[in-house]
Amino acid sequence: MLWPLARRRHLAPDQAQRLADVRQKNPESETWLALVEAALAESQDATTWDAVVSAPMDSRPARAPLLHRAEVGVHRRSASRFVRRLAGLAGLDGGGAAHRLDALDLLEAAIRQDDARIDALATGDPSTLRVVAQVAAVPLLRACARTIGSEVAAGGAWWEGYCPLCGAWPTLAEFRGLERKRWLRCGRCGIGWEVPWLRCPFCAETSHENLGYLAPEDGETTRKVEVCDTCKGYVKAEPTVSELPWWGVLLDDVATVALDIAALDRGYHRPDRPGYALELKVVEV
Ligand SMILES: [Zn+2]
Ligand SMILES: [Zn+2]
């Protein structure tokens with residue numbers, strides 16, 4: 001009889017069901033979904049990832065996300081194991097390259113959205129390592145959201161287009177509830193923040209003449225793409241009955257790749273630069 005060497009982590013039933021649904025409809029995104037599935041399962045494990053966050057609440061510039069200049073502690077063994085697992089799922093473990101990756105370095109570069117630094121760590125395909133790095137950061141950023149995320153809500157209105165916790169651009173604009181209030185959602189830490197209806201997250205354009213929508217032609221009418229003709233930025237949008245769970249934001253991002261393609265085809269893009277150039281250290285605890 002074989003005994004499992006490590007405890008298997010399982011998804012919650014609602015996560016598993018949504019994942020199966022997205023998987024069935026998006027077979028071309030299987031590698032990405034496998035990474036997301038691993039991140040969802042890993043994020044269940046609060047004991048491994050419960051982040052020790054020391055964030056300088058007082059000395060932050062007014063428009064800086066909560067994690068700016070923070071130090072986040074992780075367990076090196078858990079982080080290394082998880083990064084190796086993701087690298088394996090993405091097909092990056094040839095020649096033992098994944099074993100030589102410094103997981104803490106990779107997590108720090110990912111959270112800071114420092115693509116040049118991620119590329120420098122790559123021994124194989126840098127674009128694959130960028131995807132691995134972004135997914136690898138999810139359990140840690142979720143832990144940060146659990147630890148200090150409530151201060152986002154307590155802090156009152158957030159007017160910036162980037163995430164008030166981690167500085168990433170929003171993955172999704174959610175039109176929530178009967179009132180259709182517009183919430184931007186971060187696809188890394190899962191935080192949401194309410195914003196005015198007419199305002200580009202990337203360049204703060206507010207003129208309706210320069211803001212618009214792309215709607216899919218295939219009969220799917222609920223999801224759209226918000227576009228800005230001033231900066232050519234776009235963000236996917238959907239109505240929701242109530243707040244999407246954080247993992248729903250990740251899965252809906254995969255489920256709506258067709259909208260990304262439609263936006264890119266029409267000359268819109270996601271900004272290359274990070275929402276906020278976060279200074280942050282990932283340290284061993
Ligand atoms: Zn975030
Ligand atoms: Zn814009």
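All ligand and atom numbering here is 1-based and tracks the order in the structure.
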* Asked: Are any of the side-chain nitrogens in R77 or E284 under 4.0 Å away from the carboxylate oxygens of its partner?
  -> no
* With 2.8 Å as the limit, jot down which protein N, O or S atoms are around the Zn ion (ligand 2). => C200 SG, C203 SG, C228 SG, C231 SG
So do the side chains of [X] and [Y] get within less than 4.5 Å of each other, counting heavy atoms only?
X: L66; Y: P164; result: no
X: W158; Y: I191; result: no
X: Q44; Y: W49; result: no

* Would you mind listing every salt bridge (charged side-chain N to carboxylate O under 4.0 Å, His left out) that reaches into residues 120-143, with sequence neighbours excluded? => D115-R130, D119-R130
* Can we call the ring centroids of Y276 and H68 under 6.0 Å apart? -> yes
